[in-house]
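Have a look at the structure below before the remarks.
Each residue takes its place number in the sequence, starting with 1. Every number for a ligand or one of its atoms is a count from 1 in the order of the listing.
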Amino acid sequence: MERTAVVTDSPCAIQIRGLSKTYKTGFWFTPKVTHALKTVQLDVYENQAFGLMGLNGAGKTTLIKLVLGLLRPTAGSVAVLGGNISQRGVRQRIGYLPELPYFSKQHTGRELLGYFGSLHGLAGSALQHRVDEILDLVRMRSAAGLKVSGYSKGMLQRIGIGQALIGKPRLLICDEPMSGLDPVGYKEMRDIFIDLKKAGTTLFLNTHILDEVERVCDRVGILHEGVLKEVVPISKILESSVPVDYWIDVDGAEAAKLSGMPFQETVRNNGGVQVSGLVLAETLALLTARKAQVKGVRPLSSQVEAYFLKAIGAQAHLNRPIGGRRP
Ligand SMILES: Nc1ncnc2c1ncn2[C@@H]1O[C@H](COP(=O)(O)OP(=O)(O)OP(=O)(O)O)[C@@H](O)[C@H]1O
Ligand SMILES: [Mg+2]
């Protein structure tokens, strides 16, 4: 496992030191305190894609807002692109897709992109050219003249990515970029990220879609209940021996042959059994010994998902031996 504050030759796009955020809500007689981030240390290197994984409420959006200066930290510091987010020159080099992008509904997609382009100093034919480029990139050329009020969630997300990219940012920060996209949009967006990375853009992606992390990111951080549990290169995760779950497809009619095995209820109901990779061979041997017809075996999760679940301590059941009790 890589430590969170490694010393490296690569320049840092984002350098986070001792970052904490506490939200205080409620009334004086029923105060509520949420420790959303707890002393986070993190380096995000330039020209790399970094993925921040975490469950709902882990603190991912809070961390992004602190990096962007949209929230004030309770403690700690953030340096971005070698400076401070309060500097205009630093902000100009950052593109940001918020978790819930909101746009004025009475404007068209083209008008909105034009507006965001003008904020980056573009004007005239250079602005029109860049808007067209972005519309093509996010596949919104045909709907560019429609008002945003008529856009679907996925179309809004595409315009959201477009506005984040219009100023050719050196650092692109996206909070749940795949949210609302259909499978085609999802693949297109993934390809856009891969192309951006090749062109030297630094990417910071918040996500709980683990497949996206695997295909796009060079390093990932695992955030759980405000604590950055690990920062690890994706190659290490893919090489790791964390077992994934498997589904063994067994004909429902074979259920009787499985009596006494710990999975018989699952078999009766769904025509299969779910086992950890740790006990896959053992289970298949048992099924063969009982002459049960196995129709197929397939992994139920990716290596990244299994690693993530283990890191946040949600994987104890995977290591349970056959016949063992649930923890
Ligand atoms: N403005 C706020 N006021 C009070 N508490 C907040 C506020 N924003 C976030 N929180 C709390 O801080 C914690 C972290 O929230 P955050 O939105 O950063 O999580 P997240 O990882 O982005 O979750 P999700 O995946 O659902 O978007 C949660 O417990 C949340 O309830
Ligand atoms: Mg969030």
Side-chain angles (χ1 to χ4, degrees), residues 4 14 16-42 44 49-78 80 85 94-103 153-154 156-161 163-164 171-181 185-186 189-190 193 203-214 216-217 219-232 237 301-302 304-305 307-315:
T4 49
I14 305 175
I16 296 175
R17 294 291 175 268
L19 194 65
S20 298
K21 178 67 187 176
T22 301
Y23 293 106
K24 289 184 181 148
T25 49
F27 300 102
W28 66 270
F29 47 89
T30 51
K32 187 171 178 287
V33 173
T34 306
H35 299 286
L37 277 187
K38 300 170 191 166
T39 331
V40 169
Q41 303 270 114
L42 173 65
V44 174
F50 181 85
L52 187 63
M53 305 192 279
L55 301 176
N56 291 134
K60 305 180 298 296
T61 297
T62 300
L63 190 138
I64 277 189
K65 287 185 176 172
L66 288 166
V67 168
L68 291 166
L70 300 173
L71 284 175
R72 288 171 70 88
T74 307
S77 64
V78 181
V80 191
I85 194 70
I94 300 175
Y96 168 47
L97 171 73
E99 188 171 29
L100 303 167
Y102 177 81
F103 302 114
K153 194 163 182 282
L156 282 173
Q157 190 73 356
R158 285 163 191 260
I159 290 295
I161 303 256
Q163 64 77 26
L171 168 64
L172 178 67
I173 299 181
C174 296
D175 201 345
E176 304 293 352
M178 303 307 192
S179 165
L181 297 177
Y186 179 101
M189 210 51 70
R190 214 173 52 204
F193 286 141
L203 302 177
F204 185 108
L205 311 176
N206 261 3
T207 186
H208 34 63
I209 300 180
L210 303 179
D211 186 40
E212 169 188 345
V213 164
E214 181 169 335
V216 177
C217 297
R219 287 164 76 237
V220 298
I222 298 174
L223 189 66
H224 188 54
E225 296 175 351
V227 176
L228 190 60
K229 294 273 199 184
E230 281 188 35
V231 178
V232 63
I237 295 185
S301 61
S302 70
V304 176
E305 185 178 326
Y307 193 96
F308 170 72
L309 291 173
K310 181 163 182 269
I312 66 167
Q315 208 213 15

* Asked: Got a sec: does the NZ of Lys21 have more than 12 other heavy atoms crowding it under 6.0 Å?
  -> yes
* Asked: Any donor-acceptor pair under 3.5 Å linking the side chain of Thr74 with the backbone of Thr22?
  -> yes
* To do: With atom 26 (O) of ligand 1 as the reference point, say which of Asp175, Asn56, Leu100 has the nearest heavy atom.
  => Asn56
* To do: Apply side-chain contact (heavy atoms from CB on, under 4.5 Å) to Arg190 and Met178, showing your working.
  => CA-CA 9 Å; Arg190 214 173 52 204; Met178 303 307 192; 4.2 Å; yes
* Looking only at non-hydrogen atoms, find the nearest pair between Phe193 and Pro177 and report the distance. => CZ-CB, 3.6 Å
* Would you check the N or O atoms of Ala58, main chain and side chain alike, for any that come under 3.5 Å of an N or O of ligand 1? => yes
* Does Gln41 use its side chain to pair, donor to acceptor, with the backbone of Arg17 at less than 3.5 Å? -> no
* Looking only at atom types and distance, does a side-chain atom of Gln163 sit under 3.5 Å from a main-chain N or O of Tyr96, one as donor and one as acceptor? -> yes
* Structure fact -> Of all protein heavy atoms, the one nearest atom 18 (O) of ligand 1 is Thr62 OG1, 2.6 Å
* With side chains defined as the heavy atoms from C-beta onward, is the minimum distance between Phe204 and Val67 less than 4.5 Å? -> no
* Structure fact -> re atom 17 (O) of ligand 1, the protein heavy-atom contact at minimum distance is Thr61 CB, 3.8 Å
* **Worked check of side-chain contact (heavy atoms from CB on, under 4.5 Å) between Val220 and Phe308** => CA-CA 10 Å; Val220 298; Phe308 170 72; over 6 Å; no
* To do: May I ask you to check whether Glu99 has an N/O atom sitting below 3.5 Å from an N/O atom of ligand 1?
  => yes
* Assess Gly54 for proximity to ligand 1: is some non-hydrogen atom of it under 4.0 Å away? => no
* Is the closest side-chain donor-acceptor distance between Lys153 and Ser179 under 3.5 Å? -> yes
* Mark the output for Leu55 as yes if a heavy-atom distance to ligand 1 is under 4.0 Å, and as no if none is. => yes
* **Sidechain-backbone polar pair: Lys60 side chain, Gly54 backbone, donor-acceptor under 3.5 Å** => yes
* To do: Return a yes/no value: protein heavy atom under 4.0 Å from atom 14 (C) of ligand 1?
  => yes
* Ignoring angles and geometry beyond distance, decide whether Ala36 reaches within less than 3.5 Å of ligand 1 through its nitrogen or oxygen atoms. => no
* To do: Flag atom 31 (O) of ligand 1 as yes if some protein heavy-atom distance to it falls below 4.0 Å, otherwise no.
  => no
* For atom 29 (O) of ligand 1, grab the closest protein heavy atom and report residue, atom and distance to one decimal in Å. => Thr34 CG2, 3.6 Å
* atom 9 (C) of ligand 1 - nearest protein heavy atom and its distance -> Tyr23 CE1, 3.4 Å
* To do: Please report which non-hydrogen protein atom sits nearest to atom 23 (O) of ligand 1, along with the residue it belongs to and the distance in Å to one decimal place.
  => Gly57 N, 2.7 Å
* Angle, OG1 of Thr61 through the Mg ion (ligand 2) to OE2 of Glu99 - 10° precision -> 110°
* Structure fact -> Checking heavy-atom distances from atom 20 (P) of ligand 1 to each of Lys60, Lys21, His35, the winner is Lys60
* Structure fact -> For Thr25, the atoms of ligand 1 under 4.0 Å from one of its heavy atoms are 3 (N), 4 (C)
